[in-house]
Amino acid sequence: MAEPQRQGERLPEDVGTDDCLTSYTHIYSPDLLKDQVAFITGGGSGIGLRIAEIFMRHGCDTVIASRNLEKLKEAANKLSAVSGRRCLPLCMDVRQPDTIAAAVDETLKVFGRLDILINNAAGNFLCPAASLSFNAFKTVIEIDTMGTFNASKVVYEKWFQNHGGNIVNISATLPYKGQGLQVHAGSAKAANDAMTRHLAVEWGPSGVRVNAVAPGPISGTEGYRRLGGPKGEAAGAFQSLPLQRAGNKTEMAHCTLFLASRASSYVTGAILVADGGSWLTSPNDVAMLMGYWSSEKTRDK
Ligand code: HXC
Ligand code: NAP
């Protein structure tokens, strides 16, 4: 878990598992998203789950949508229990526009409105470019980049075009300096950052704001585990970050809440870097990363 802060700030509560918070102190007004509806891709785990929880604790109903329906149902039950708001779990694959369209239709049928889209679904693993198969690169681009476009376009055409809305894309800072072993995910997220600005320009006149949050290492997540976070933390690697710690999921949810709410009503096309200053100072040591990869390489199945 994240180290205690030094600046006299109180860190927001978090838990390191895919469970809801045991206590929560509001920073924003508890009714900031009252009676709005948010559609969160990949909302059944990690950062997406915490975004769903924090939104629901601010009066929002949510749809959490990804491939594993059992996981989503379990998450939805937990989320509703802690917040008293409705959470609809829906099965879809962001690579398949038809499945997104069906999920958005169901959302509109159940809730009658849609205010916020969070493009959080992603896939990643450590792999050097030379060992990456063509299909592996394509798979990550299809989930992260095409998935973000697919969901945005479906939601825009079915609702936002005529009603306005807010899109927040969950990005990353690893592409900023060409992080080793990350050409697939870094290329995908860099494309998403460009997409954020392009869609902000085209859809602003329809009342749609499009922004992004770019997290750094966030503890208690699948991404953290896959990118060597626990090992790095044990070795003191985060001491070299300006804020000298990993971030937590609630911190990412607060950034997302800011961009998805009227707190940021004049902000569009922005990428909110939320990485503790990580990309400015953390090492990108190819020899070290290659050694790490060959000792740790595993498939997730
Ligand atoms: C190298 C790998 C690999 C690995 C899979 N592949 N895992 N290559 N190293 N560890 C290859 C496979 O061999 C295959 O290529 C291709 O990728 C597709 O693999 P599938 O298993 O068929 O794909 P699929 O079932 O669609 O699963 C997608 C996945 C999987 C991305 C591979 O890991 C997944 O579902 N992940 C979702 C959860 C996740 O990754 N969360 C962390 C997000 S963190 P071949 O050639 O053999 O057919 C994050 C941080 C962002 O995103 C930082 C940005 C810079
Ligand atoms: P995570 O828990 O694995 O979240 C990814 C989610 O995406 C999962 O819930 C997964 O659910 C869903 N998903 C994957 N492929 C999908 C597909 N084809 N269609 C629909 N849903 C799909 O990982 P996380 O670490 O919290 O990552 C969340 C976001 O933060 C990602 O965008 C990631 O790139 C970003 N990020 C994370 C970190 C970090 O340190 N964790 C750092 C930078 C950026 P299913 O398996 O049910 O489909």
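Note: hydrogens, waters and symmetry copies are ignored here, and every other heavy atom, side chains too, is used. Keep in mind that this is a model prediction, so the values were computed, not measured. Order of listing sets the numbers, starting from 1, for every ligand and every atom in it.
Within the structure, ligand 2 lacks N124 among the residues with a heavy atom less than 4.0 angstrom away. Note on ligand 2: G123 sits outside its first shell, no heavy atom being nearer than 4.0 Å. Distances shorter than 4.0 angstrom occur between a heavy atom of R95 and an atom of ligand 1. Ligand 2 is approached by G216 to a heavy-atom distance shorter than 4.0 Å. Within the structure, the closest approach of T41 to ligand 2 does not fall below 4.0 Å when heavy atoms are considered. Within the 4.0 Å heavy-atom cutoff, S171 counts among the residues contacting ligand 2. Taking 4.0 Å as the cut-off, P217 counts as a neighbour of ligand 2 on heavy-atom distance. Distances from ligand 1 to the non-hydrogen atoms of Q179 include no value under 4.0 Å. Put simply, part of K189 is less than 4.0 Å from ligand 2, judged by heavy atoms. Between M92 and ligand 2 there is a heavy-atom distance shorter than 4.0 Å.
Applying the 6.0 Å contact sphere to NZ of K34 captures no more than 12 heavy atoms from other residues, nucleotides or ligands. The local environment of NZ in K138 is sparse, with at most 12 non-hydrogen atoms from other residues, nucleotides or ligands closer than 6.0 Å. Annotation: Q96, atom CD; neighbour count of heavy atoms from other residues, nucleotides and ligands within 6.0 Å is above 12.
A distance-only check finds no donor-acceptor pair linking the side chain of R226 to the backbone of L126 [under 3.5 Å]. A side-chain donor-acceptor contact under 3.5 Å links D18 to the backbone of G46. Looking only at distances, a side-chain donor or acceptor of D14 sits under 3.5 Å from a matching main-chain atom of K249. When atom types are taken as modelled, the side chain of D115 and the backbone of G165 share no donor-acceptor pair closer than 3.5 angstrom.
The contact set between ligand 2 and A122, taken as ligand atoms under 4.0 Å from a residue heavy atom, comprises 5 (C), 7 (O), 14 (C), 31 (C), 32 (O), 33 (C), 34 (O).
Between the side chains of Q182 and N124, at least one donor-acceptor pair of N or O atoms lies under 3.5 Å. The closest side-chain donor-acceptor pair between T22 and E13, if any, does not fall under 3.5 angstrom. For the residue pair N211 / S264, no side-chain donor-acceptor distance below 3.5 Å is found, with atom types taken as modelled. Between the side chains of N248 and S219, no donor-acceptor pair is found at a separation under 3.5 Å. There is no side-chain donor-acceptor pair under 3.5 Å between S171 and N192.
Using a 4.0 Å cut-off between heavy atoms, A122 contacts ligand 1 through both its backbone and its side chain. In N124, the parts holding a heavy atom less than 4.0 Å from any atom of ligand 1 are both the side chain and the backbone.
Using bins of under 30°, 30° to 60° and over 60° for the plane-to-plane angle, the ring pair H254/Y24 lands in the tilted bin.
Nearest to atom 34 (C) of ligand 1 by heavy-atom distance, out of E222, R67, K189, is R67. Considering each of A136, S187, S45, the one bringing a non-hydrogen atom nearest atom 11 (C) of ligand 1 is A136. Of the listed options R67, R50, R95, R67 places a heavy atom closest to atom 15 (N) of ligand 2.
Ligand 2 has no N or O atom lying under 3.5 Å from any N or O atom of A121, backbone or side chain. Between D144 and ligand 1, no pair of N/O atoms sits closer than 3.5 Å. Polar contact check, T139 against ligand 1: no nitrogen or oxygen pair lies under 3.5 Å apart.
In terms of protein heavy atoms, atom 40 (O) of ligand 2 is closest to I218 N, 3.0 Å. The nearest heavy-atom contact from the protein to atom 28 (C) of ligand 2 is N120 OD1, 3.2 Å. The shortest contact between atom 27 (O) of ligand 2 and any protein heavy atom is with I47 CD1, 4.4 Å. Ranking protein heavy atoms by distance to atom 11 (O) of ligand 2, first place goes to K71 NZ, 3.2 Å.
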